[in-house]
Protein chains: 2
Amino acid sequence: MGRPTIADIAERVGVSKGAVSFALNGRPGIAESTRARILQVAKEMNWRPHSAARALGGARADAAGLVIARPASTLGVEPFFAQLLSGLQAGLSARSVALHLMIVEDAAAEIEVYRDWASAHRVDGFIVVDLKVRDPRVEVLEELGVPAVVLGGPGRHGALSSVWADDREAMLSVADYLAALGHRRIAHVAGLPEFRHTQRRMRALRDSSRRLGLADTVSVTTDFSDAEGAAATRTLLSRPRRPTAIVYDSDVMALAGLGVAGEMGVRVPGELSIVAFDDSVLTRIAHPSITALSRDTVAYGRTLAEVMLELIDDPGRRRDVRTATPRLTVRESTAPPGSWQED
Amino acid sequence: MGRPTIADIAERVGVSKGAVSFALNGRPGIAESTRARILQVAKEMNWRPHSAARALGGARADAAGLVIARPASTLGVEPFFAQLLSGLQAGLSARSVALHLMIVEDAAAEIEVYRDWASAHRVDGFIVVDLKVRDPRVEVLEELGVPAVVLGGPGRHGALSSVWADDREAMLSVADYLAALGHRRIAHVAGLPEFRHTQRRMRALRDSSRRLGLADTVSVTTDFSDAEGAAATRTLLSRPRRPTAIVYDSDVMALAGLGVAGEMGVRVPGELSIVAFDDSVLTRIAHPSITALSRDTVAYGRTLAEVMLELIDDPGRRRDVRTATPRLTVRESTAPPGSWQED
DNA sequence: TCCCGCAACTATACCGGTTTAGTACCCCCC
DNA sequence: GGGGGGTACTAAACCGGTATAGTTGCGGGA
């Protein structure tokens, strides 16, 4: 015999399928003694629910969906993403909710997967990352009527819930700090231009520039890879009036930039200050160690999980959770410009 | 009306449910003209299969299961794991197979999840990582009769398939290289002692030591974290006759070790050579850059996916795929001992 | 004493597909 | 013109649970 079903249990105990179902789900209408007998036999036979059968009846899938449209290669590089994933998973696992994951080529394929999984009841909700400017996914998810949490915000994600950190505030604090050190030419090696948070950081730097009366602030967009981060740094440092400080949109790019500075003979922090968005083991163990905007990424993922679980319980809700603004952790890579201290 | 079912299509076209099912699955016994009409209507109504209903009938789940028993925090740190995951996903996605992921507390919980998912037909097979010495999971998976691919090998995974790289060979090549440079005291900062690959690397170094007549080779086990990697390095470098070369079981620990060397005033590679298992952006952009055993981790993941897909197609099979042995990529962190060159 | 009401069940429909047994019909051929 | 065989379908069972309407038996109140 294959795996036992509730019908097998019912036969063995001598009751009906319905009684077994009621007993196993702790619903009233079954005598305590009968319930105990059923549970006993179920345990003996090593019975386990068949989630597909339950799902057919409209029950939970006990899974959250995460679809990512990125080249697989860039995924592996970023500690941020891996940490987020592990926090997310940890949060979901506490309630035995699995993560249904898929990497696809582009946004169109991503939307296709949303439709598939939603109509197949494969997941109870979606987690949306890499929110873009005028993101078509938002509309689709609203139409599908499936719970969804957007990572990033605030705003522009319609009726969907979101979890976000204040990128703008973080960038302003970096600009203030660098300006206070005396920097006038600040560059920004940003991520993908179509991401909302990239735009927000760029705008924040522009605004700071105006407010603080800085000379040349410039943002260069990249694909987040260490290669493009290095290339952008090379370009910036080759300018006639090169920047005295560079802010990177990821720790990986900051580390790559640090390498380029070394290769070009530009001293850090003597001639160039470096700040990284996102803190990780990379920034801590670099030499010199890198000043970074740190946040607890694992906790960020856990918050995401929390909101997702709430939404699954109560699909009508909409929540916007703002997590702690990343705080500047000052290390060795920042100093007043032109300070020729030994590194 | 909710989402359309094949019954809705059948009604609209004026045929039976069975005919629609046959048409949609491209099975013979339906006239071409009828099939075309059915497909047309299905498309119009935006029909999508309900995977739970299919699964009930015993069909594929189109998902592979990956359960990891590790603290979430260590997961986020390692580029190796993230890259493996992205390669795996990329390989699976090509055939629209999703990854069902769950992080659990311990091995017992992991086994529980195997039983659950297997009996619920939630996944078509499992991917097993972190193979341990006398791993109880192997037996359970064999008993469940579900396809499974073990990462790591060879041997000791019973009837299960595996994908592995030759850790032993790799460690031997490192020892040979360091000995050729003139090193006599080689230390090894290893990973978790219960992992098979950790054991294999430790044994390989011991064997090399005997074969090459080295003085003090020693392996210290850690939990793979940068903190323990740093601590182990500190201990090793504080010994009266400290090692002239250290091999680390991960790139993260190697980088942490490099930091400790700097902090203790030990020059790399002048006074200490450093080699890392697993190559990544970390080893490339460190200063000095770190000599590493590189392999294409993303490709490794893709191979894993390939074997998994084969097993899903033909559950009776058993495959043992040996992937390319990691090759030594020499960078700036290795040199003959006592060479006081500038770094 | 009779009826009501409730607890403790049973029997059965249902979810949305797949699959099998059965049937109507046509063509071919002796 | 009747039998054989294949094609193109239909009807219904089935997968393993959940939900619901119905049934039985018992205790209590009028």
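Naming: A, B, ... by sequence-line order, numbering from 1 per chain.
- For the OP1/OP2 pair of C:dC9 and a distance below 4.0 Å, the side-chain nitrogens and oxygens of A:Thr34 include at least one atom meeting the criterion.
- For the pair A:Arg60 CZ and C:dC15 C1', the computed distance is 17 Å after rounding to whole Å.
- Rounded to whole Å, atom P of D:dA13 lies 18 Å from atom CG of B:Leu56.
- Residue A:Ser16 places at least one side-chain N or O closer than 4.0 Å to OP1 or OP2 of C:dT10.
- For CD of B:Glu143, the number of neighbouring non-hydrogen atoms (other residues, nucleotides, ligands) closer than 6.0 Å is greater than 12.
- In terms of position on DNA chain C, the residue among A:Glu32 and B:Asn25 whose nearest nucleotide sits closer to the 5' end is A:Glu32.
- In this model, the phosphate group of D:dT18 is approached by a side-chain N or O of A:Ser21 to a distance below 4.0 Å at OP1 or OP2.
- Straight-line distance from the CZ atom of A:Arg54 to the P atom of D:dT18: 5 Å, rounded to whole Å.
- Here D:dG6 presents its P atom at 18 Å from CD1 of B:Ile30, a figure rounded to the nearest Å.
- Comparing C:dG17, C:dT19, D:dA19 by their nearest atom to the side chain of B:Arg27 picks out C:dT19.
- For A:Trp47 and D:dG17, the shortest distance from a side-chain N or O to OP1 or OP2 is below 4.0 Å.
- Nucleotide C:dT18 holds its P atom 10 Å from the CZ atom of B:Phe22, rounded to whole Å.
- Position along DNA chain C of the nearest nucleotide to A:Gly14 versus B:Lys17 favours A:Gly14 as the more 5'-ward residue.
- A:His121 and B:His50 have tilted rings, their planes meeting at an angle from 30° to 60° on a 0 to 90° scale.
- What separates CD1 of A:Ile6 from C1' of D:dT18 is a distance of 8 Å, to the nearest Å.
- Rounded to whole Å, the distance from CG on B:Leu24 to P on D:dC9 is 14 Å.
- Counting heavy atoms of neighbouring residues, nucleotides and ligands inside a 6.0 Å radius, atom CD of B:Glu112 exceeds 12 of them.
- With rounding to whole Å, A:Arg122 atom CZ is found 15 Å from C:dG16 atom C1'.
- Ring orientation note: the planes of A:Phe224 and A:His197 are tilted relative to one another, at an angle of 30° to 60°.
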